[in-house]
Amino acid sequence: MKNIINKNKLLILFSILSLSSCSDYIEVDNLNQISSENFYRDETELNLAINGCYSTLRGPIAFEWMLSEIRSDNTFMNNTGTTNAQNLQVYSNDVFQAPSFDLFIENYWATSYTSIRSINALLQGLKTSYNPTTGTIDYNGSVSVSEAIRKRTAGEASFMRAYHYFNLVRLYGGVFLLDRPVSSEEALNIKRATVDDIYKFIIADLKNASENCIATTYAGTVAANRGKATAWAAKGLLAKVYLTRGQKSDALPLLTDVIANSGHSILTGTGAYANVFSSTNELNAEILFAIRFKSGGLGYGSSLANLFSSNTTSVTNQTGLPVPAGTRGSYNNPTEELYKSYGETDVRRNYNIKVYKPTPTSAPSTFTYWASKHITTVAVANDSELDWPVLRYSDILLMYCEAVGTANTTTLDYINRVHTRAGLPAYTLLNLATTASYELAVANERRWEFALENQRWFDLLRFNTTMTTITAKGVMDNHFANMTAFYSMYDNPFSLTQLQAHTADPKFKLLPIPNIEIITNTKTPINQNEGY
């Protein structure tokens, strides 16, 4: 039975796409905010508050794939005949032409800032503050709980806030830096922060989390603390932040520490890859941090099984894909090129992707590909049990390889732990002798390992900084070349020349700031991202 982290009344009860209505204003009020900063009188009340913050992490996951994985070469909007407005918005993200009024972009933004507001309320109650001059999280005065509990809880809250801001800055660029709860009137006077200032804030939060979160080994972590943000998760995420900033030398000591001392490990043995994601093996040794979901009709379940599952009976019958109760979206289809990039014996291919062939003698051009990693049978619509992995040990190993940037006995060992676990023959130093061969091996391993986990798009952007032979534009230009025939079937088709021009457009790198943020601020002009 899952010990779900959720005891507060603020529940993100998202249904499939949950976009049937939208206010003129993005509402980010925290209904649980207590006006008194001295509310947390004991550890019980503090646990209620931090658990409430964990619960708000679920909200953005329903939308994140539309803004990340669908923009990469891994998945696409496989519905050329659609006239549905929601489908067309997914398609617009797929080809880097999202409008500033995209409801999915607004919903991801809104649910992220709703969670940030809850986290800020807790950190304010713990009497912490962000010092932008020193780039630190400071502790001011005392509170009624012990200093150890105060700092551990603040560390967990800092981790969650940094997680949100890391996603926001990579998707939108400079966003609104909110380090405390603000009133609606105050919010009208806040301008967009610079990207550098947002990263400084993220690093401060993750350093606070690294220093104050639970730092016991995986095996030594008691059941009650499983699922909470740990010092190891904070160090792993901070390493990814440093890599994104091109600071390889800062990332390496953190990754080395996690590998050597966290007690986390890669799962091995028969069915190991599938076992990482199993609902009966949650929070296993490979999971450094995951967003928790709980089935049972309680409002804590995930909608992803419904969003990604095929709504066509012939597909589910042939592929054996589970059939969740309720509406099924048939979204986030893997590309043929992703499927074919896997080796024939790679166990990850058949776990992540199912292939539908209209007839036994159908030509390959008629095959369709379906996400299976997040699909499970559920009795209640949008109520999947499956957790969402944020950071895995295999990610730590491959980030180390990316940070080093060359093959040696250590990086060869680390990449092979992931590669051979998938049933593939081990690399040799000769296989990875050139910079190009090494970088391609690392990039491919990440693609195959984390397919459908919303990592690929962020990886491609980061490779612009950490690699010399792989760029996001180059990969996506090749993707569009492979997919030209598909995109030509839309009612308003794009030619290959037009599609590849999109990768040189400013819209390629950043999403728009939601238009609602700009038009409703009557006091402070909010500049839009270039190209929108």
Side-chain angles (χ1 to χ4, degrees), residues 10-29 56-72 75-117 164 167-173 175-176 187 192 302-308 311 326-333 381-382 388 454 457 490-492 502 505-521 526-529 531-532:
L10 180 61
L11 306 178
I12 305 300
L13 306 178
F14 53 84
S15 60
I16 187 167
L17 299 185
S18 56
L19 296 173
S20 57
S21 64
C22 183
S23 168
D24 287 343
Y25 292 83
I26 292 182
E27 187 62 60
V28 295
D29 287 340
T56 64
L57 296 180
R58 299 190 196 113
I61 296 302
F63 310 102
E64 186 177 276
W65 62 273
M66 307 176 202
L67 314 185
S68 56
E69 195 79 355
I70 203 79
R71 288 164 70 84
S72 78
T75 64
F76 69 118
M77 179 67 208
N78 187 21
N79 193 343
T80 56
T82 186
T83 57
N84 180 285
Q86 295 174 352
N87 291 353
L88 291 173
Q89 286 183 70
V90 175
Y91 171 61
S92 70
N93 277 309
D94 185 21
V95 294
F96 306 103
Q97 294 295 298
S100 60
F101 53 82
D102 187 309
L103 291 182
F104 299 136
I105 291 172
E106 290 182 359
N107 275 271
Y108 184 81
W109 174 283
T111 52
S112 295
Y113 271 107
T114 296
S115 183
I116 288 168
R117 187 172 178 86
H164 283 308
N167 287 340
L168 287 169
V169 75
R170 289 183 294 176
L171 290 171
Y172 301 94
V175 292
F176 301 116
R192 292 178 64 184
S302 168
S303 63
L304 296 184
N306 284 80
L307 287 169
F308 299 163
N311 59 11
T327 303
R328 304 192 302 278
S330 299
Y331 289 102
N332 211 26
N333 290 91
N382 309 308
W388 181 262
N454 299 351
W457 177 242
Y490 272 87
D491 288 341
N492 294 300
H502 292 173
D505 190 288
K507 293 180 180 180
F508 179 66
K509 293 183 178 179
L510 293 176
L511 296 169
I513 300 299
N515 192 54
I516 198 71
E517 290 285 348
I518 295 173
I519 64 175
T520 58
N521 192 322
I526 304 300
N527 60 304
Q528 181 57 277
N529 285 331
Y532 294 97

**Q** Heavy atoms, side chains only, cut-off 4.5 Å: are D102 and P512 in contact?
**A** no

**Q** Report yes if the side chains of L307 and F63 come closer than 4.5 Å at any heavy-atom pair, otherwise no.
**A** no

**Q** Has D94 got a side-chain atom pairing as donor or acceptor with F76's backbone, closer than 3.5 angstrom?
**A** no

**Q** State, with a plain yes or no, whether a side-chain heavy atom of P60 is found less than 4.5 Å away from one of H164.
**A** yes

**Q** Determine whether a donor-acceptor pair (N or O, by modelled atom type, separation under 3.5 Å) exists between the side chain of Y113 and the backbone of F176.
**A** yes

**Q** Would the number of heavy atoms belonging to other residues, nucleotides or ligands and lying under 6.0 Å from OH of Y490 be above 12?
**A** yes

**Q** Taking the inter-plane angle between the rings of Y172 and Y108 on a 0 to 90° scale, is it parallel (under 30°), tilted (30 to 60°) or perpendicular (over 60°)?
**A** parallel

**Q** Are the side chains of N454 and N167 in touch, meaning some heavy atoms are under 4.5 Å apart?
**A** no

**Q** Just so I know, are the side chains of K507 and Q97 near enough to count as touching, which here means a heavy-atom distance under 4.5 Å?
**A** yes

**Q** Dump the intermediate steps for side chain to side chain contact (heavy atoms under 4.5 Å, CB included) on L171 and W109, then the final yes or no.
**A** CA-CA 10 Å; L171 290 171; W109 174 283; over 6 Å; no

**Q** If we check ring pair (Phe, Tyr, Trp, His ring centres under 6.0 Å) with F96, which of these qualifies: F508, Y91, Y532?
**A** F508

**Q** Considering all heavy atoms of both residues, which atom of A62 and which atom of L304 are nearest to each other, and what is their separation?
**A** CA-CD2, 4.5 Å

**Q** Using a 3.5 Å distance criterion without hydrogens, assess whether the side chain of N93 forms a donor-acceptor pair with backbone atoms of A98.
**A** no

**Q** Can you check whether I513 reaches N529 side chain to side chain, under 4.5 Å on heavy atoms?
**A** yes

**Q** So, the side chain of S115 versus the backbone of S112: is there a donor-acceptor pair under 3.5 Å, distance only?
**A** no

**Q** Find out whether T75 and Y331 are in side-chain contact, i.e. whether some heavy atom of one side chain is under 4.5 Å from a heavy atom of the other.
**A** no

